[in-house]
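See structure below.
Every value quoted in this text rests on a predicted model; they were computed, and no experiment measured them. Chain letters run A, B, ... following the sequence lines, proteins first and then strands; every chain starts at 1.
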Amino acid sequence: MNETVKSEWPLWEVFVRNKSGLDHKHCGSLHAADPKMAIQLARDVYTRRQEGTSIWVVRSDQIVASDPGEKAMYFDPMEDKVYRHPTFYELPKSLDHM
Amino acid sequence: MYTQAMDTMGKDGGEAKKPLRSAEDMLAEQKFEARIDAGDFIEAKDWMPEHYRKTLVRQISQHAHSEIVGMLPEGNWISRAPTLKRKAILLAKVQDEAGHGLYLYAAAETLGTSRDQLFDALHSGRAKYSSIFNYPTLTWADMGVIGWLVDGAAIMNQVPLCRCSYAPYARAMVRVCREESFHQRQGFEALLTMMTRGTEAQREMVQDAVNRWWWPSLMMFGPPDADSPNSEQSMRWGIKRIGNDDLRQKFVDATVEQAKSLGVTMPDPDLRWNEERQHVDFGVIDWSEFWRVVGGDGPCNRERLGARVKAWDDGAWVREAALANARKHELKEAA
């Protein structure tokens, strides 16, 4: 880390709830000096056209993520468990809406 | 708005030859190419070839710089917009450009280059931005023509980028494109108002603005494909989806029709419908002008860059104070 990086405002991830009843969805990131400023800038940058009714911000360095290198090992085991889906089960036509 | 076909930088000296690669890297590269071929999207933390990363940082940051510098020619007219309605529209549009710049900087940063490094590249003149912003905005009609032609050209460039193989860039572009279409429509409507309800002097003003912006707008698509050294690689990697010449032709075909309903003419005597090609033919573009402006010698290059550097330098104490304030509060909470 050099001096220029240290003088940068930290990075925040922005999550916006589109309308009440829906979940917050990640929509991008921005730099801000503190939490209050992050919320305010998120409003200006990501909800200029009434895209939001609620905003979450979280410091990017606080997010823990799965390792993309282990994607296959992590997620592929679910591939052969088709019996977890309703379409796996064949029912008589008259009852197929069950 | 405002990407210009970004492979123009090929003239800046080219990339250094690749160093010898390990067997592991070569395997990773094969896997990467296979993902690209399968139409897969690449995310920030995925393995990618160094040249892919570099190309994207260059293209996305140039695009971001263009949005930010692009605020200057239009900001010039906010205080002089003819009505309150037009002023509110122009303000909203310039605010959008700021937002687009921020989406794009954030996308570029996912590739491991900091915001300050990106700014430094712009301020020191190492990074480029779309050369269209090095032309002056002389009259109010320029605001309309920028919306109609410059944003129109930008949209044509940008829509294919929504399918770019680098996902953070593609996502930013989806957002940009969604917001952009009002820019083009408001410009056309402003011109239409002057052409249908304005005075003779206002109609002449519109025609004059079209005359000045037409050729620079065509240059926004970048040099012919044959002269774009990076185009082919970018196409193969799915960074670029449609060639410069095809996009330019599409733009000409669309705008020539729009000009008719507006009642203006384009400053090109060679413009005519070609029945055989099923496209509009147009005259030869003066690429020496393009390279001159890209190279730093356009009408407003020094002014634009000067304004950006001044804004950055003048804002330094604000950035430092905000950070100092945040640290003070953090300490208080910790105590």
Interchain contact, [X] with chain A, by part (heavy-atom threshold 4.5 Å):
{"X": "Phe119(B)", "result": "neither"}
{"X": "Asp120(B)", "result": "neither"}
{"X": "Arg171(B)", "result": "neither"}

Count the heavy atoms belonging to other residues, nucleotides or ligands that lie under 6.0 Å from [atom1] of [X], then report whether that count exceeds 12.
{"X": "Lys93(A)", "atom1": "NZ", "answer": "no"}
{"X": "Arg48(A)", "atom1": "CZ", "answer": "yes"}
{"X": "Gln40(A)", "atom1": "CD", "answer": "no"}
{"X": "Met26(B)", "atom1": "CE", "answer": "no"}

Quick one: pull up CZ in Arg178(B) and CD in Glu51(A) and give me the separation to the nearest 0.5 Å.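 CD of Glu51(A) is found 7.0 Å from CZ of Arg178(B).
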Could you tell me which of Gln95(B), Glu330(B), Glu43(B) has the largest number of non-hydrogen atom pairs under 4.5 Å with chain A?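 The candidate making the most pairs under 4.5 Å is Gln95(B).
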Set of residues satisfying side-chain hydrogen bond (donor to acceptor under 3.5 Å, both in side chains) with respect to Ser54(A), sequence neighbours excluded: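 For Ser54(A), the residues satisfying side-chain hydrogen bond (donor to acceptor under 3.5 Å, both in side chains) (neighbours in sequence not counted) are His24(A).
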What heavy-atom pair brings [X] and [Y] nearest, and what distance separates the two atoms?
{"X": "Glu8(A)", "Y": "Leu323(B)", "result": "O-CD2, 4.2 Å"}
{"X": "Ala33(A)", "Y": "Ala326(B)", "result": "O-CB, 3.2 Å"}
{"X": "Lys45(B)", "Y": "Pro68(A)", "result": "CB-CG, 3.4 Å"}

Validation row: Ser29(A), Glu109(B) side chains within 4.5 angstrom (heavy atoms):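 Counting from C-beta outward, Ser29(A) and Glu109(B) never come under 4.5 Å.
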Heavy-atom check, side chain of Trp9(A) versus side chain of Arg115(B), under 4.5 Å: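 Trp9(A) vs Arg115(B): side chains apart.
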Under 4.5 Å from a heavy atom of chain B, the part of Leu11(A) involved: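 Side chain only.
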Without swapping roles, check the side chain of Tyr105(B) against the backbone of Leu30(A) for a donor-acceptor pair under 3.5 Å.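 Between the backbone of Leu30(A) and the side chain of Tyr105(B) there is no qualifying donor-acceptor contact (under 3.5 Å).
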Is Asp96(B) salt-bridged to Arg49(A), going by a charged N under 4.0 Å from an acidic O?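 The answer is yes: the pair qualifies as a salt bridge.
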Quick check on the structure: residues of residues 55-67 of chain A within a heavy-atom distance below 4.5 Å of chain B, by number.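 Within residues 55-67 of chain A, the residues that come under 4.5 Å of chain B (heavy atoms only) are Arg59(A).
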Under a 3.5 Å threshold, yes or no: a donor from one side chain and an acceptor from the other, between Ser7(A) and Glu320(B)?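 On atom types as modelled, these side chains do not qualify, holding no pair under 3.5 Å.
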